[in-house]
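All values reported here derive from a predicted model rather than from experimental measurement. Each chain gets a letter, A, B and so on, in the order its sequence line appears, and its residues count up from 1.
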Number of protein chains: 2
Amino acid sequence: MQASGICTYHGRMDGMASRPHVVILGGGFGGLWATRALARAPVRVTLVDRANHHVFQPLLYQVAAASLSGPDIAAPLRHIVRKQANATVWMEEVTGIDVATRSVRTTEQTIDYDYLVVATGSTHAYFGHDAWAAKAPGLKTMNDALAIRRRILSAFEAAECEPDPARRAEWLTFVIVGAGPTGMELAGTLAEMAHHTLPREFRVARPHDARIHLVEAGSRVLAAMPEKLSAIAQRKLESLGVEVHTGDAVTDIDATGVRMGDQRIVARTVLWAAGVAASPLGAQLGGERDRAGRVKVAPDLSLPGHPEVFVIGDLAWLEQDGQRVPGMAPAAKQMGAYAARALRERVAGRVPRMFRYHDEGSLASISRSSAVVDLRGWQFSGFAGWLFWLIAHIFFLIGFRNRLAVMWNWAWSYLTWQRNARIIVGGRPRAD
Amino acid sequence: MQASGICTYHGRMDGMASRPHVVILGGGFGGLWATRALARAPVRVTLVDRANHHVFQPLLYQVAAASLSGPDIAAPLRHIVRKQANATVWMEEVTGIDVATRSVRTTEQTIDYDYLVVATGSTHAYFGHDAWAAKAPGLKTMNDALAIRRRILSAFEAAECEPDPARRAEWLTFVIVGAGPTGMELAGTLAEMAHHTLPREFRVARPHDARIHLVEAGSRVLAAMPEKLSAIAQRKLESLGVEVHTGDAVTDIDATGVRMGDQRIVARTVLWAAGVAASPLGAQLGGERDRAGRVKVAPDLSLPGHPEVFVIGDLAWLEQDGQRVPGMAPAAKQMGAYAARALRERVAGRVPRMFRYHDEGSLASISRSSAVVDLRGWQFSGFAGWLFWLIAHIFFLIGFRNRLAVMWNWAWSYLTWQRNARIIVGGRPRAD
């Protein structure tokens, strides 16, 4: 079935059928920014995503930690682009890409394209240990965040019902593998939840006794940041009660814990924030790829040999001035906006200028009043860092309503130490 | 394993072990009100629920309709009773009750009780057609609400991707079976979503063309209310574009629609708001039960022959002045508070006075500015009814924060016609 000729668009899509068809795969930062930057281009745009919503990924960990509800940090893609007359959104799962016939297969149909933007991002990598995935879930999507929330909250509930003190301690032990920004944020917020939010509400279990281990194979937390900020972040984490293990590679994960060489931590809840692998759709493009599966792109972000295909965001492998462009939200947004410009140039018969990544710095929150910020050499931390983090995140949240709702939820949590979204959906996992 | 002797309570539970043990099953209105009314009683209370949260059921349909997010209308049970020193909350699923040995079995353990309050409520009844359950989900729990939200939102998404106009129309047709308050509220809010919230966001599907059928076997909508209000409600529903079928009993439900005798409605989404059956745990109490499985109780709400067991809320079968006490939130709260008082009397060696149900009236919302209200003879409707409905619901919502959050979400939705929680979690159901 060929969809792109059959559909009868109504209303503002009239007269679009003769325009070049741009198909954009993925509604994350890259794909969404590309879509929006094509608003006034003489093309018609089909944005395809398996979810119906864009997620503000930098705050996913707050959904996992029950501080925010899912809808606080997500908005329906079709709502975001509702005023963009040349764009349509399809909620379908992409199963294949054929650059030879210029078509994309989904679970529902085949879609022909004139231009393709692949922005399907990344997923978790377990370094060949796929069995670990079920035991140590990662945090990339809204589904992941809700699953992790359920595990964390259920662990405290299980501890409360467990008469055996040794097993109760297992339920109150949490291991987070990987001390990048996500792992650190999860560890910090989990420590705050255990030591401040929950203690008064339990009678048998003592959330205050919960142990939170952050395990990092590398030599320091936040390896991508300057050493000074790593040291500050580690000290702050330790002051929150997080046990930081650096230089310890995880060698096994099973139902009751984690092994690092000779060492073993007995824990019922293990979360994965260590490895990243490119979306498997990258393999279908046929080009060169790095070890994590990222697709090598030309300086204009096109697939070598296919000027009509652009690869952006976490899926793209691009080096600039001897440095890899990092898999971060600002890079994805810049690539999305650039790909849209380059595409307009191509449609107009011109050759696009090459992409230049502009480093906007990086930041990571540690706790409710502490963050580390690195703005191209200008580094700061503590409460000032946290205020900067707060303003930056609220500013970049999509949608006016969400910003206010999130501010309200944060203000409330900040004043009361409460978490607004401590709802376990889907029942409690069994003890064994 | 006997839990009630093994657990070592800490902090404020010290010294509670010698008190009579009251086990309360179910954290809905009945069980929660009973728990809170025992705050100063010389007993220790264990509240058991398979969920970790209390749900404000009268607003569940707004979660199903994506107007509110789950956490807006739910709060963790242990948070609600955190200051009640004699109460503890266990998140476990109850699998059996043995009134002879005075014990309750859960998936995790056996709990002994001195007094038992059974408040496990009701579930959906498909009148012997259990196969309909998968095709036409009902709305009782948070899980139900999120599943229905996913179905409704996914139907519009599927319509947008469907090139065949006839099949697209099937995706845009919704059938709600049962025109009690829940069915009517679902139909009204679904009509508003289709005709006001969504139209500008779709390019192929026309949400404005969506058809919403409300099918009722009885002779009128809102059968429990005065005829005048039924007529007003039906007219209002029809003005919203809902097609109301009264006197039509559903005879079959399959993957593509609903049959009512000779008539058939082709629809991809069918929701069930028709039958109610008592919680199956009622059968384990050994007493007399009515056709829906409700347990006959003595005038003091105890199980005949077992003065230490109380049955309250939707599970109780009680007639008063020739009228059945209805399965509604106010009745459950009154029964919960009464059971706590009666229990204190029993503990003190006195005989409790009998329960008297006080009819507080009933109300049902139809749309964003219309509701019907029946306050024991004083009836009103329209905008005044809706304002009353709004104030009553905000007033009764548990938790200060939730009230403000819900007010904010409602105000925003009211002004913008937007829905804040249009997030599909868990992927799109397949077409067939």
Carboxylate-amine/guanidinium contact A:E93 A:R50, below 4.0 Å: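 Here A:E93 pairs with A:R50 in a salt bridge, since their nearest N and O are under 4.0 Å apart.
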Nearest-0.5 Å distance that lies between atom OG1 in A:T269 and atom CH2 in A:W171: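 These two atoms lie 6.5 Å from each other.
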Candidate list A:H79, A:K83, A:R78, test side chain to side chain donor-acceptor pair (under 3.5 Å), partner B:E201, passing option: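 Option passing the side chain to side chain donor-acceptor pair (under 3.5 Å) with B:E201: A:H79.
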Is [X] in contact with chain B via its backbone, its side chain, both, or neither, using a 4.5 Å heavy-atom distance?
{"X": "A:L198", "answer": "neither"}
{"X": "A:V55", "answer": "neither"}
{"X": "A:A51", "answer": "neither"}
{"X": "A:A75", "answer": "backbone"}

Residue list, ring pair (Phe, Tyr, Trp, His ring centres under 6.0 Å) with B:H53, at least two apart or on another chain: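 Here no residue qualifies.
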